[in-house]
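These numbers come from a predicted model, not from an experiment. Order of the sequence lines sets the chain letters (A, B, ...), proteins ahead of strands, with each chain counted from 1.
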Amino acid sequence: MLNLNAVLKKHFGFDAFREGQKEIIEDLVNGRDVIAMLPTGGGKSLCYQLPGYILEGAVVIISPLLALMEDQVAQLKMNGEKRAVALNSFLSFDEKKSALYHLPEYRFIFLSPESLKHERVLNALNKIHISLFVVDEAHCISQWGHDFRPDYSLIGQARGKLNKAPCLAMTATATKEVLKDIHLSLHMTDPIRHVYSVNRPNISIMVSEARGLEDKLNQLSELVGRLEGPGLIYCGGRQWSEKAVSYLKEKGFKRIAFYHGGMENEQRMLIQQQFINGQLELVCCTNAFGMGVNKNNIRYVIHFHIPARMDAYMQEIGRAGRDGLPAIAITLYDPEDVQLPLFMIEKEFPARDELQAYLSSKEIDPSFKLEIEETHERFILHHAEKLKSENWEVKVDQIWKKIQERQQNKTEKLWNMIKWYSTETCRRSGILAHFGEKSDSPSFTRFCCDSCGMDIEAYYGQTKASSGYETAEGWKNELKMMFKVSEPIVQKTK
DNA sequence: CGCGGTCGCTCTACAGCGACCGCGGTGCCGTAGT
């Protein structure tokens, strides 16, 4: 029997596995497909890196962001592993050509789902022996694969064209529906699920009703003034993230910056690094900020606008309190705010006449290209490809049906979120129910949520008392007693 | 749909109002002879 602990010590220098890691690795080494839902910061990358040193061949990792791939490669190289490469658009043509030629020499190969569809890449991958096929941040399959980045939904198909290898899908947040989506989309064979609770007992959850912009801004500056940082503020739009920063700066707060997808890459990397290193106390951002932000001492996450779905909300608040110390998530909820996500769901897809105009113009003159939004075009082309034997009118009907289906699906998720904001029962139980977990095991306290009687004033007092890190251990112990975090709820199926 | 910015009106007034318009999230990706 293989001694995994010895391999762990030899290659990573650790004496013991973290929770779940060993079981996941054992299943993979035994050739099984695995879906792993591990809490953030649970040491997910080890789950594919270690098998890379046991199994014959290369580990292929599908990653959603260039920055994440680069990060992982840099980390591996820092650990002395030179046989790691990221095959992406950062490489020049010559570099890419060379990397593909030398592919058999690599042990860890990182790819985007988009590059996985190119013949050249597939051919090169087919010439090597793949020991393990990994999809990192696998919830993206469900979150993006249906519309925003359809290539995410083609990973399973690509996998079928490659040498058969066990498949590992990893994420921190997934509902039952998302887990099923991952399973089916990746064409996994009877996968073993290692699913841990999404509950984060050290994060208190609050929803504060706000009426109108002025009320919201007042509440915001009060919170920022009294809460211990570092903190994150999630806004619904790019301009909002910038405006929130100017407002708070005007109020005298310092070390704040904004972050959104419209900024230059270099600037984005700078802000992220400054925040991680503690030079920035507060970042106002859109949902672009998050994945790959490895910072364990975020003390609060404020939602200035509501997220559109529960799993997105959990991912966002889950960035707080990774050190296990008390943290708080507060949403400033104005019932009027539902209009923004509603509008976005509408706008995300082409309208019926746009769809019709696009497909009919292609029918009349294939060389003519009707200018429509890039995401709309990609959605149409992706689905038209599946219907390529049909005539254009059938395509219009079928794709329109698909659009309505997607919009309905997204709107439903939004209303579920709204329902959760409006209820007066325990918020944590509501979240756990949403993820299909029973909520009887966690011992809820007055620090649970506003519905459980949590008082923000008491919270201010507690965290102020424990400001600095001298008392960190004391708090950790108190929390363990309060929440029994030493006995995590593990729901392991199969 | 709501917000904010701009325009134009008033007509002693150049500040203040209403009408109107534009905007609103997430990110990959090309090229062939070593």
Side-chain angles (χ1 to χ4, degrees), chain A residues 62-70 86-105 110-121 123-124 127 137 139-155 158 210-214 216-217 234-244 246-247 258-265 268 284-292 303-309 311-312 315-316 334-349 373-379 381-382 410-411 414:
Chain A
I62 309 300
S63 174
L65 304 177
L66 298 175
L68 278 185
M69 295 182 212
E70 297 299 318
L87 284 179
N88 57 35
S89 58
F90 281 176
L91 300 181
S92 69
F93 176 54
D94 285 340
E95 286 170 329
K96 196 177 251 179
K97 204 162 60 176
S98 158
L100 286 177
Y101 183 73
H102 292 285
L103 214 54
E105 294 160 31
F110 292 82
L111 291 166
S112 70
E114 282 82 4
S115 46
L116 199 57
K117 73 177 171 188
H118 293 118
E119 276 307 301
R120 195 166 309 116
V121 174
N123 286 340
K127 287 187 188 133
E137 307 286 359
H139 58 275
C140 294
I141 291 173
S142 195
Q143 210 160 291
W144 286 344
H146 296 288
D147 19 65
F148 180 54
R149 286 174 71 178
D151 288 330
Y152 250 107
S153 67
L154 300 177
I155 298 175
R211 294 282 174 177
L213 184 59
E214 206 183 323
K216 237 188 212 191
L217 288 171
Y234 276 99
C235 302
R238 294 172 177 181
Q239 292 192 29
W240 275 110
S241 70
E242 298 188 15
K243 276 176 202 155
S246 348
Y247 173 79
F258 58 83
Y259 182 106
H260 56 67
M263 293 157 60
E264 292 292 327
N265 254 327
R268 286 173 67 162
C284 300
C285 56
T286 61
N287 57 3
F289 194 71
M291 272 196 282
H303 278 89
F304 195 74
H305 294 113
I306 56 171
R309 47 193 285 176
D311 32 349
Q315 272 169 47
E316 285 163 7
D334 185 337
E336 290 295 319
D337 287 346
V338 70
Q339 298 304 337
L340 180 62
L342 267 180
F343 176 87
M344 284 180 172
I345 293 169
E346 175 88 25
K347 189 200 84 151
E348 183 176 355
F349 300 90
E373 210 167 305
E374 191 199 347
T375 45
H376 291 184
E377 183 172 33
R378 213 179 23 231
F379 184 91
L381 291 176
H382 174 77
K410 293 198 160 188
T411 314
L414 176 60

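- Atom CD of A:E373 and atom C1' of B:dG22 are 14 Å apart (whole Å).
- Between B:dC17 and B:dC11, the two C1' atoms lie 15 Å apart (nearest whole Å).
- Residues passing the ring-ring contact (aromatic ring centres under 6.0 Å, His included) test with A:F148 are A:W144, sequence neighbours excluded.
- Taking atom C1' in both B:dC28 and B:dG22, one finds a spacing of 28 Å when rounded to whole Å.
- The side-chain contact (heavy atoms from CB on, under 4.5 Å) search around A:D94 returns A:S92, A:K97, not counting sequence neighbours.
- Here the side chain of A:Y152 pairs no donor or acceptor atom with the backbone of A:H139 at under 3.5 angstrom.
- The residue A:R268 sits close only to the backbone: its heavy atoms come under 4.0 Å of sugar-phosphate atoms, none of a base.
- Taking the P atom of each, B:dT31 and B:dG27 are spaced 23 Å apart, rounded to whole Å.
- For the pair A:M291 CE and B:dG27 P, the computed distance is 7 Å after rounding to whole Å.
- In this structure, A:F110 atom CZ and B:dC28 atom P are separated by 15 Å, rounded to whole Å.
- With sequence neighbours excluded, no residue forms a ring-ring contact (aromatic ring centres under 6.0 Å, His included) with A:F110.
- By the ring-ring contact (aromatic ring centres under 6.0 Å, His included) test, A:H305 is found to be paired with A:W240, residues two or more places apart in sequence or in another chain being considered.
- Using a 4.0 Å heavy-atom distance criterion, A:N88 is classed as a sugar-phosphate-only contact.
- Between the NE2 atom of A:H376 and the C1' atom of B:dG25 there is a distance of 12 Å, rounded to whole Å.
- One atom, CE of A:M263, and another, C1' of B:dG25, lie 15 Å apart when rounded to the nearest Å.
- Judged as a side-chain hydrogen bond (donor to acceptor under 3.5 Å, both in side chains), and not counting sequence neighbours, A:T286 has no contacts.
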Worksheet item: Reading DNA chain B 5' to 3', what string of ( ), [ ], | and . shows its pairs, if Watson-Crick and G-U wobble pairs count only when both distances fall under 3.5 Å?
Response: ((((((((((....))))))))))..........
Name every donor-acceptor pair, under 3.5 Å, that has one atom in a side chain of residues 334-344 of chain A and the other anywhere in the protein, sequence neighbours excluded.
{"from": "A:D334", "atom 1": "OD1", "to": "A:E336", "atom 2": "N", "distance (Å)": "3.0"}
{"from": "A:D334", "atom 1": "OD2", "to": "A:G212", "atom 2": "N", "distance (Å)": "2.9"}
{"from": "A:D337", "atom 1": "OD2", "to": "A:K216", "atom 2": "NZ", "distance (Å)": "2.3"}

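- Between A:C140 atom SG and A:L65 atom CG the span is 7.0 Å, to the nearest 0.5 Å.
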Could I get a table of every N or O pair under 3.5 Å where one atom is in the protein and the other is in nucleotides 2-6 of chain B?
{"from": "B:dG2", "atom 1": "OP1", "to": "A:E336", "atom 2": "OE1", "distance (Å)": "2.8"}

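- Every residue two or more places apart in sequence or in another chain that forms a side-chain contact (heavy atoms from CB on, under 4.5 Å) with A:S63 is listed here: A:L68, A:M69.
- When the side-chain nitrogen and oxygen atoms of A:T286 are compared with OP1 and OP2 of B:dG25, none of them lie within a distance under 4.0 Å.
- If you check every strand for non-hydrogen atoms under 4.0 Å, A:K96 touches sugar and phosphate atoms only.
- Using P as the reference atom, B:dC29 and B:dT34 are 23 Å apart when rounded to the nearest Å.
- Residues passing the side-chain contact (heavy atoms from CB on, under 4.5 Å) test with A:N287, sequence neighbours excluded: A:E316.
- Comparing B:dG24, B:dG27, B:dC29 against the side chain of A:T375 picks out B:dG27 as the nearest.
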Check the interface with nucleotides 32-34 of chain B: list each N/O to N/O pair with the protein under 3.5 Å, or write none.
{"from": "B:dA32", "atom 1": "N7", "to": "A:R120", "atom 2": "NE", "distance (Å)": "3.0"}
{"from": "B:dA32", "atom 1": "N7", "to": "A:R120", "atom 2": "NH2", "distance (Å)": "3.3"}
{"from": "B:dA32", "atom 1": "N6", "to": "A:R120", "atom 2": "NE", "distance (Å)": "2.8"}

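- Rounded to whole Å, atom P of B:dG27 lies 12 Å from atom NE2 of A:H139.
- Between A:L381 atom CG and B:dC29 atom P there is a gap of 18 Å when expressed in whole angstrom units.
- Of the side-chain N and O atoms in A:R378, none sit less than 4.0 angstrom from OP1 or OP2 of B:dC28.
- Among B:dC28, B:dT26, B:dC1, the nucleotide with an atom closest to any side-chain atom of A:E374 is B:dC28.
- Salt bridge annotation for A:R238-A:E242: absent, with no cationic side-chain nitrogen under 4.0 angstrom from a carboxylate oxygen.
- Rounding to the nearest 0.5 Å places CZ of A:F379 at 8.0 Å from NE2 of A:H382.
- Residues passing the ring-ring contact (aromatic ring centres under 6.0 Å, His included) test with A:H376: none are found, sequence neighbours excluded.
- Between A:S112 and the phosphate of B:dC29, there is a side-chain N or O to OP1/OP2 separation shorter than 4.0 Å.
- One interatomic measurement links the two molecules: CG of A:L340 to C1' of B:dT26, which rounds to 13 Å at whole-angstrom precision.
- Between B:dT26 and B:dC21, the distance separating the two C1' atoms is 27 Å to the nearest Å.
- The side chain of A:H118 contributes an N or O atom lying less than 4.0 Å from OP1 or OP2 of B:dG30.
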